[in-house]
2 protein chains.
Amino acid sequence: MKAIAERSDILPQLAEVFRAHGYEGATLALIGEATSLGKGSLYHFFPGGKSQMAAEVLAEIDRWFEDNIFTPLQAADDPARAVAEMVEAVDRYFRSGQRVCLVGVIALGAARDSFATQVRDYFSRWQTALTAALKRLGLGAAAARRRAEAALLSIQGALVLARAMDDPKVFSRAMADLKKQLLAA
Amino acid sequence: MKAIAERSDILPQLAEVFRAHGYEGATLALIGEATSLGKGSLYHFFPGGKSQMAAEVLAEIDRWFEDNIFTPLQAADDPARAVAEMVEAVDRYFRSGQRVCLVGVIALGAARDSFATQVRDYFSRWQTALTAALKRLGLGAAAARRRAEAALLSIQGALVLARAMDDPKVFSRAMADLKKQLLAA
DNA sequence: TACAACTTGTACCGATAGGTACACAACGAG
DNA sequence: CTCGTTGTGTACCTATCGGTACAAGTTGTA
């Protein structure tokens, strides 16, 4: 009867449920099914219930982006290569637009207010990291900030449009454009 | 006891509920409150329940965009002015990013599959109309299509980012950029 | 082997979900 | 003044919601 379940195994499964159904649409029944965990286990790991689950999922996403996107952008020797690799990593992470950005989904929904700081931080830290890389590419501070903002906007817009059109090529196309625009003189 | 309610009065109120809470989050209680209508009236007007309400709201949005955005783009004497006016109309419609695009919200959620054709048509007709205007500005067919796609993507992305950052200036800035990019040589 | 700490399934809770049934009130047409 | 049509409020239905309680099983440690 004992657990095989580790917290680190549960969070990604939780994340997929929230991605697929949104915060309000992710019922405990769906969550239990996706994780193969009963309410007993679920509330043992997350006494705070659904909102704690979502908060921890957001925290884990944040961690992943910190390690795989933000830090490489700021620490890389070759900023141009780091920017290009960011775009490729994003394309892989979102599976060419077939996966959706949970942070974006929450931002659009009614749950935004409950997770406002986590949502805002995610994007602002991304923007900060990308801005730093762009400055090292020779852009002025203001131009770098503007270009970084435009990049995040393109990624989120591409996710919406790709899902709306049900066509991953929309996303891939946008990522190819994005790479060019970020690295343009 | 008789109705003052006209279908045309109800739909905009319905739309705001769906925008604010998403499809799954828009409960009949919220809908009843927003429209000041009991279940009796609601199911009298919409025997198909929630899904019919959402479908008719989408249809009305489609109609509005057809009249106020798509047709002007294709019929205008001065395509450059038409494009500029589109951007301004979009800025007003979304109240500088404080209002959200219902079609985009649905596209990201689990309800997408139920409204797939309506969602896809909305964007593809928009793209078609904008492409036509851009071609009349002298762009080649392929370039015009690409630029129109990028424009829709920017609008949706700006809505997500503006809400995530809780800052309407993000949206206004994106719309100003968009106008420049659309009208660039 | 005994005991505490950790997991788990199941039963249960009140509240609310979307939806139905229906009686009644207001109207326009004759 | 009828009478069918059109709205409307209310009561009610079953299913499910998020969440709690708890007993029983599993484990590491000694």
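Values in this document were obtained by computation on a predicted structure and should not be read as measured data. Chain letters run A, B, ... following the sequence lines, proteins first, then strands; residues in each count from 1.
Atom CD in Gln52(B) sits about 14 Å away from atom C1' in dG18(C), given to the nearest Å. Rounded to an integer number of Å, the gap from NE2 of His21(B) to P of dT16(C) is 15 Å. Going from atom CZ of Phe46(B) over to atom P of dT8(D) covers 12 Å, rounded to whole Å. Straight-line distance from the CG atom of Leu42(B) to the C1' atom of dT20(C): 14 Å, rounded to whole Å.
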Inset, instruction - Start with the C-alpha gap between Arg146(A) and Glu149(A), add the side-chain angles, then the distance that decides, and say whether salt bridge (Lys or Arg N to Asp or Glu O under 4.0 Å) holds. - result: CA-CA 5 Å; Arg146(A) 295 284 304 269; Glu149(A) 183 174 285; 5.3 Å; no
Inset, instruction - Could you go through the side-chain contact (heavy atoms from CB on, under 4.5 Å) check for Ile61(A) and Val57(A) one step at a time? - result: CA-CA 6 Å; Ile61(A) 291 175; Val57(A) 165; 4.1 Å; yes
Inset, instruction - Mind running side-chain contact (heavy atoms from CB on, under 4.5 Å) on Leu14(B) and Phe46(B) for me, showing each step along the way? - result: CA-CA 12 Å; Leu14(B) 273 180; Phe46(B) 309 98; 3.8 Å; yes
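For the side chain to side chain donor-acceptor pair (under 3.5 Å) test, no residue two or more places apart in sequence or in another chain qualifies with Arg63(B).
At the phosphate of dT8(C), neither OP1 nor OP2 sits under 4.0 Å from any side-chain N or O atom of His44(A).
Under the salt bridge (Lys or Arg N to Asp or Glu O under 4.0 Å) criterion, the residue pairs touching residues 151-168 of chain B are Arg112(A)-Asp166(B), with sequence neighbours excluded.
Counting heavy atoms from C-beta outward, Arg99(B) and Phe171(B) have side chains that stay 4.5 Å or more apart.
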Legend entry - Letter per nucleotide, 5' to 3', of nucleotides 17-23 of chain D [B base touched, S only sugar-phosphate touched, - untouched; heavy atoms, 4.0 Å]: SBBB---
